[in-house]
*Asks:* 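Next up is a structure, given as structure tokens.
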Amino acid sequence: MTSTARLIAFLALVITSAGAVPIWGQCGGIGYAGSTQCDSGLSCVKLNDWYSQCQTAPTAAPPPPPPATTTVVPPPPPATTTGTSTATATDPAASIPAGALTRITNFGTNPTNIGMYVYKPSKVNANPGLLVALHYCGGTAQAYFTGTQFRALADERGYLILYGQAPSSGNCWDVTSTATLTHDAGGDSLGIASAVRYAIANWGVNPEKVFVVGTSSGAMMTNVLAGAYPDVFKGGAIFAGVALGCLSSGPTCTNGHGPYPKLQVWHGTADNVLLYGNFQEQLKQWTNVHGISQTPTATYANTPRQNWTKTVYGTGQVEGYSGQGAGHLLPDTGTEVVAIDFFGL
Ligand SMILES: *[C@@H]1O[C@H](CO)[C@@H](O)[C@H](O)[C@H]1NC(C)=O
């Protein structure tokens, strides 16, 4: 082969391999600029307007249904005034009404105009932790507030919660555009990061105690935030998500920022929206990012409840929770506390 022929053959190989997306990889969605061609034998399946994925079966996945709304016991009324009112005087978050979901605006750069809501329990720790909680496609901040136990746990433990609301028409998060996948470049992720920075600057939030959780589209965004804003988030819990393209292929979304957040990955074997293969794919990705083995260092059957298996990787930088027979609607009510304990909130 002449050197020119070799070069052409090489380029053809590069173009072919760069053009085909492997299983569980992204192959489409609003703002997505990569290849839409899956490896042979795979089909590009649309999960929502913002995300299509290469899968083996060409089953058309329906949009994720909202989780069954769970009635959460309302928090106890704020304690009536006692003689000591020093807490209010020194509370930097005093401007936030306690015990209610309250919309905030003007919290910094918010290029896509995401909605943001804060929940402050009636008793807040000094220098409190902060949880960012992100809804599924079609969801709202209010639905995630009432449908999960993160708020009840905040009432017990004294951390603040920011509930985001996606600005797109289908209420899915943009987890696809170059802007959202790039540190401080724009997109929905920057609006969320801005709200966290605002909370740290104005409400006395401890920057070492900032964590993110999300379901489905919100789980994908949790992956995006953990990848693109490792300087902001110290940990994440991913309930039924997919791996993050920019971590596994080519240009990284992190720009070499410091330590990565610790991650919990939750998935049900009977998830018919984001198929179970996404579970292993995310574990592969996050163990790789942390530079630890994909082989669990510990395995616990029936944890945290029957038919769930917990696996620990490395020294606990990554945890997996596999739910035998569990579907797409995570977290299973009552398991939220496992994520909150993992974070140390
Ligand atoms: C656990 O799985 C078994 C076998 O599939 C099933 O019979 C049982 O109902 C499941 N239990 C729970 C709590 O889901």
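Just follow the structure's listing: the first ligand is 1, and inside any ligand the first atom is 1.
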*Asks:* With a cut-off of 3.5 Å and sequence neighbours excluded, list every side-chain donor-acceptor pair involving residues 335-345.
*Replies:*
| from | atom 1 | to | atom 2 | distance (Å) |
| --- | --- | --- | --- | --- |
| T335 | OG1 | D332 | O | 2.7 |
| E336 | OE1 | G334 | N | 2.8 |
| E336 | OE2 | Q149 | N | 2.9 |
| D341 | OD1 | R157 | NH1 | 2.7 |
| D341 | OD1 | R157 | NH2 | 3.0 |

*Asks:* Please enumerate all residues that pass side chain to side chain donor-acceptor pair (under 3.5 Å) together with T287, with sequence neighbours excluded.
*Replies:* none
*Asks:* Parallel, tilted or perpendicular: which describes the rings of Y119 and F145, with under 30° parallel and over 60° perpendicular?
*Replies:* tilted
*Asks:* Under 3.5 Å, is there a donor-acceptor pair linking the side chains of Q53 and N278?
*Replies:*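 Per modelled atom types, Q53 and N278 side chains form a pair under 3.5 Å.
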*Asks:* Is the distance between the ring centroids of H183 and Y229 under 6.0 Å?
*Replies:* yes
*Asks:* Check ligand 1 against the protein and report each N/O to N/O distance under 3.5 Å, formatted as atom name, atom name, distance.
*Replies:*
| from | atom 1 | to | atom 2 | distance (Å) |
| --- | --- | --- | --- | --- |
| ligand 1 | 2 (O) | N307 | OD1 | 3.2 |
| ligand 1 | 2 (O) | N307 | ND2 | 2.4 |
| ligand 1 | 11 (N) | N307 | ND2 | 2.9 |
| ligand 1 | 14 (O) | N307 | ND2 | 3.2 |

*Asks:* Suppose we screen for ring-ring contact (aromatic ring centres under 6.0 Å, His included). Which residues come up paired with Y198, at least two apart in sequence or across chains?
*Replies:* W203
